[in-house]
Amino acid sequence: MLINQNHILQQLRNITLAAQGLHQKSAFGTGKAAVIQTLTQLGYVQIDTLSMVARAHHHTFWTRIPDYQPQWLDQLVAEGQIFEYWFHAASYLPIQDFRYALPKMHSIKNRESRYYQADAQVMRHVYDRIRIEGAQKARDFESLSKKQGSWWNWKPTKMALEQLFMQGDLMISARNGIEKVYDLSERVLPNHINTTCPDPLEYAEYLVKTYLRAYGFTTIKQITHLKTEPTLRKNIVLVLQHMLEEGVIQKLNIAEFPTIYVVTGLQDQIENTPHNNLSLLSPFDNAIIHRERIKTHFDFDFRLECYVPQAKRKYGYFCLPILFGDIFIGRVDCKAHRKNGRFELIHLHIENTQIDMSSWLPSFFDTLQRFAQFNQCQSIEITQISPPALSSVVRQFLKIGWEEISFKGDALTAK
């Protein structure tokens, strides 16, 4: 049936923000236990090495856990409560979901899907050395060949380590900063973890339930994002049909939208949820990572431009979306200059000028100051604001209760 489009889109935005833990502060609690709660709810958190600001995995947790500490991830890996593998990209996942990584591991090991194609002799050498000597980092190995690897010019031992990891023979037992430490899976994986490989229908059910839990609603296209297994779509349709028959989910048809599947009851539960929280999101945040979904449901066109030639960038190298309530009001290109403790807002783009700035500016600067501190920065510098006419509005606002922030020429400086 067709339903009022504006009303249902408003409901869906509220539903997904609540599911993502972005509708209120500390939605998943505080402390290290909140990391497990967040990861279980979201299904995964993407790992990324870019460090213009706090790396994506730390940033994503910090957004939802105000007292988040980066060392908690290392501790949880060591405790066997979370692990690293591939979701749609390198990610942290709850350890109880380990068995759902097995289909990909087996596919790579059986050469059913192409990966690094590391040299078999080098792989045996790497595996045996770790087995005998214990956990190792990539730089602990000397290349067995003077010829560089073909993938990002990795040396052969690095390629061997990654293939052994991807096919499940090795796991990441720790990290030194962003550097991985590899060990045998049998020494890392807790004994109580189920290692029975799910059949294709079980795996489809896992994906469907993960997306529904993380977003409150989903589509077939979202569930199959970057997953090309021939039978996966068929099994996902079967799972969704079964859940519809059981009344666990409902199907929504909106003109010019793909069929939407929403958890039954959420539309009624979410009506009175407050939506005045402000979040400064990582470009790799779970809430923003599906660009088409954000464009469709939030009318926000987001693209990470660090992969775009500088001359073609519209907003900047590393922009963070600014979410206020259920509206993306803009984005800000940022860089943490950690050596001198300066957090730079290279360009603040205010895109939704219909909302009274006084309703979100206090929350924005509060969040900004906390994020700067999280990035080991003691001062904030804002270099440019767009549209330029809004600079005067910000200037006037900063004079009231924000004495520590002042303009630097045509820019802004906060200490």
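Atoms considered below: every heavy atom in the structure, side chains included; atoms not considered: hydrogens, waters and symmetry mates.
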For this session: Evaluate the side-chain hydrogen bond (donor to acceptor under 3.5 Å, both in side chains) criterion for residues R342 and Q378: first the C-alpha distance (whole Å), next the side-chain angles of each, then the deciding distance (0.1 Å), finally the verdict.
Result: CA-CA 6 Å; R342 181 171 56 92; Q378 295 75 48; over 6 Å; no

Problem set entry | Expected output: side-chain D48 to main-chain L50 donor-acceptor under 3.5 Å | yes

For this session: State the CD1-CH2 distance between I329 and W360, to the nearest 0.5 angstrom.
Result: 4.0 Å

Problem set entry | Distance-only polar pair, side chains of R213 and Q41, donor-acceptor under 3.5 Å | no

Exercise. Where do R291 and K295 land on the side-chain contact (heavy atoms from CB on, under 4.5 Å) test, with the steps shown first?
Worked result: CA-CA 6 Å; R291 313 305 193 203; K295 173 63 176 174; over 6 Å; no

For this session: Measure the shortest side-chain to side-chain distance between T264 and V248 over non-hydrogen atoms and say whether it is less than 4.5 angstrom.
Result: no

For this session: Taking atom NZ of K221 as the centre, report whether more than 12 heavy atoms of other residues, nucleotides or ligands fall under 6.0 Å from it.
Result: no

Problem set entry | E84 and R175, any side-chain heavy atoms less than 4.5 Å apart | yes

Problem set entry | Side-chain donor/acceptor of R331 to backbone N/O of E351, under 3.5 Å | no

Problem set entry | Name of the residue among H297, H23, Q10 meeting side-chain hydrogen bond (donor to acceptor under 3.5 Å, both in side chains) with D326 | Q10

Problem set entry | Exercise: identify the closest heavy-atom pair between G43 and T210 | CA-CG2, 4.0 Å

Problem set entry | Verdict with reasoning, I130 to L184, per side-chain contact (heavy atoms from CB on, under 4.5 Å) | CA-CA 7 Å; I130 292 175; L184 302 188; 4.0 Å; yes

For this session: Take H58 and L73, measure what side-chain contact (heavy atoms from CB on, under 4.5 Å) needs, and give me the verdict at the end.
Result: CA-CA 9 Å; H58 296 309; L73 285 181; 3.7 Å; yes

Problem set entry | D128/R124 ion pair, N-O < 4.0 Å | no

Problem set entry | Y206 and Y100 aromatic ring geometry - parallel, tilted or perpendicular at 30°/60° bounds | parallel

For this session: Identify the residue among N253, I249, I220, I254 that makes a side-chain contact (heavy atoms from CB on, under 4.5 Å) with I260.
Result: I254

Exercise. Side-chain contact, heavy-atom cut-off 4.5 Å: Y215 with N286?
Worked result: yes

Exercise. Under 6.0 Å from the NE2 atom of H242, do we count more than 12 heavy atoms belonging to anything else shown?
Worked result: no

Exercise. Looking at F165, does the NZ or CZ of K180 lie under 6.0 angstrom from its six-membered ring centre and within 45 degrees of the ring axis?
Worked result: yes

Seminar exercise, completed: All heavy atoms of P321 vs all of F302, minimum pair found to be CG-CE1, 3.6 Å

Exercise. Near R99 CZ, under 6.0 Å, is it more than 12 heavy atoms from other residues, nucleotides or ligands?
Worked result: yes

Exercise. Does CG in N191 sit with more than 12 non-hydrogen atoms of other residues, nucleotides or ligands closer than 6.0 Å?
Worked result: no

Seminar exercise, completed: Given the options Q81, Q75, Q69, K32 meets side-chain hydrogen bond (donor to acceptor under 3.5 Å, both in side chains) only with Q75

For this session: List the atom of T38, the atom of F28, and the distance in Å for their closest heavy-atom pair.
Result: OG1-CD1, 3.2 Å

For this session: Kindly say whether H59 contributes a backbone atom to a donor-acceptor pair with the side chain of T63 at under 3.5 angstrom?
Result: yes

Exercise. Parallel, tilted or perpendicular: which describes the rings of F87 and Y44, with under 30° parallel and over 60° perpendicular?
Worked result: parallel

Problem set entry | Under 3.5 Å: donor-acceptor pair, side chain of Q46, backbone of A89 | no

For this session: Taking S282 for its side chain and F284 for its backbone only, find out whether a donor-acceptor pair lies under 3.5 Å.
Result: yes

For this session: For H347 and T383, test the side chains for any donor-to-acceptor distance below 3.5 angstrom and give the result as yes or no.
Result: no

Exercise. Which pair of non-hydrogen atoms, one from V181 and one from A135, has the smallest distance, and what is that distance?
Worked result: CG1-CB, 3.6 Å

Exercise. With a 4.5 Å limit on heavy-atom distance, are the side chains of Y211 and H290 in contact?
Worked result: yes

Exercise. Do E229 and K227 sit within salt-bridge range, that is, some charged N less than 4.0 Å from a carboxylate O?
Worked result: no

Exercise. Can any side-chain N or O of T60 pair as donor or acceptor with the backbone N or O of A56 at less than 3.5 Å?
Worked result: yes

Problem set entry | K234: side chain to side chain contact (heavy atoms under 4.5 Å, CB included) partners, not counting sequence neighbours | none

Exercise. Using 30° and 60° as the class limits, which term best fits the ring planes of F371 and F343: parallel, tilted or perpendicular?
Worked result: perpendicular

Problem set entry | Student check: side-chain heavy atoms of Y85 and K104 closer than 4.5 Å | yes

Problem set entry | Nearest-0.5 Å distance, CZ of residue R338 to NZ of residue K335 | 9.5 Å

Exercise. Should I95 and P190 count as side-chain neighbours, where that means a heavy-atom distance under 4.5 Å?
Worked result: yes

For this session: Please collect all side chain to side chain donor-acceptor pair (under 3.5 Å) contacts where either partner lies in residues 300-322, sequence neighbours excluded, each pair once.
Result: none

Exercise. Would N352 and Q354 count as a side-chain hydrogen bond (donor to acceptor under 3.5 Å, both in side chains) if you check the C-alpha gap in whole Å, the side-chain angles of each, and the deciding distance to 0.1 Å?
Worked result: CA-CA 6 Å; N352 190 315; Q354 303 304 310; 5.8 Å; no

For this session: Give a yes or no on whether the backbone of L232 and the side-chain of Y203 come within a donor-acceptor separation of less than 3.5 Å.
Result: no

Problem set entry | Flag side-chain contact, heavy atom, 4.5 Å: I8 against R13 | no

For this session: Over 60° means perpendicular and under 30° means parallel, so classify the ring planes of W72 and Y68, tilted if in between.
Result: perpendicular

Exercise. Using 4.0 Å as the upper bound for N to carboxylate O, is an ion pair formed by E179 and K137?
Worked result: no

For this session: Could you tell me which non-hydrogen atom of F324 sits nearest to which non-hydrogen atom of S359, and how far apart they are?
Result: CZ-O, 3.4 Å

Exercise. Are the side chains of F328 and I322 in touch, meaning some heavy atoms are under 4.5 Å apart?
Worked result: no

Seminar exercise, completed: In this structure, CG of D97 is separated from CG of L102 (nearest 0.5 Å) by 11.0 Å

For this session: Applying side-chain contact (heavy atoms from CB on, under 4.5 Å), run through T195 and L189 and close with a yes or a no.
Result: CA-CA 10 Å; T195 55; L189 191 65; 3.6 Å; yes

Exercise. Can you tell me how far CD1 of I346 sits from CG of L348, rounded to the nearest 0.5 angstrom?
Worked result: 12.0 Å

For this session: Could you tell me whether a side-chain N or O of R131 sits under 3.5 Å from a main-chain N or O of V126, the two making a donor and an acceptor?
Result: no

Exercise. Is there a donor-acceptor contact under 3.5 Å from the side chain of Q163 to the main chain of L161?
Worked result: no

For this session: State, to 0.1 Å, how close F300 and G330 come at their nearest heavy-atom pair, and which atoms those are.
Result: CZ-O, 3.9 Å

For this session: Check for a donor-acceptor pair, side chain of T40 on one end and backbone N or O of Q37 on the other, with a separation under 3.5 Å.
Result: no

Exercise. Are R129 and F141 in a cation-pi setup, meaning NZ or CZ lies under 6.0 angstrom from the ring centre and within 45 degrees of the ring axis?
Worked result: yes

Problem set entry | Nearest-0.5 Å distance, CD1 of residue I47 to NE2 of residue H57 | 6.0 Å

For this session: Could you pull out all residues at least two apart from N110 that satisfy side chain to side chain contact (heavy atoms under 4.5 Å, CB included)?
Result: H106, E112

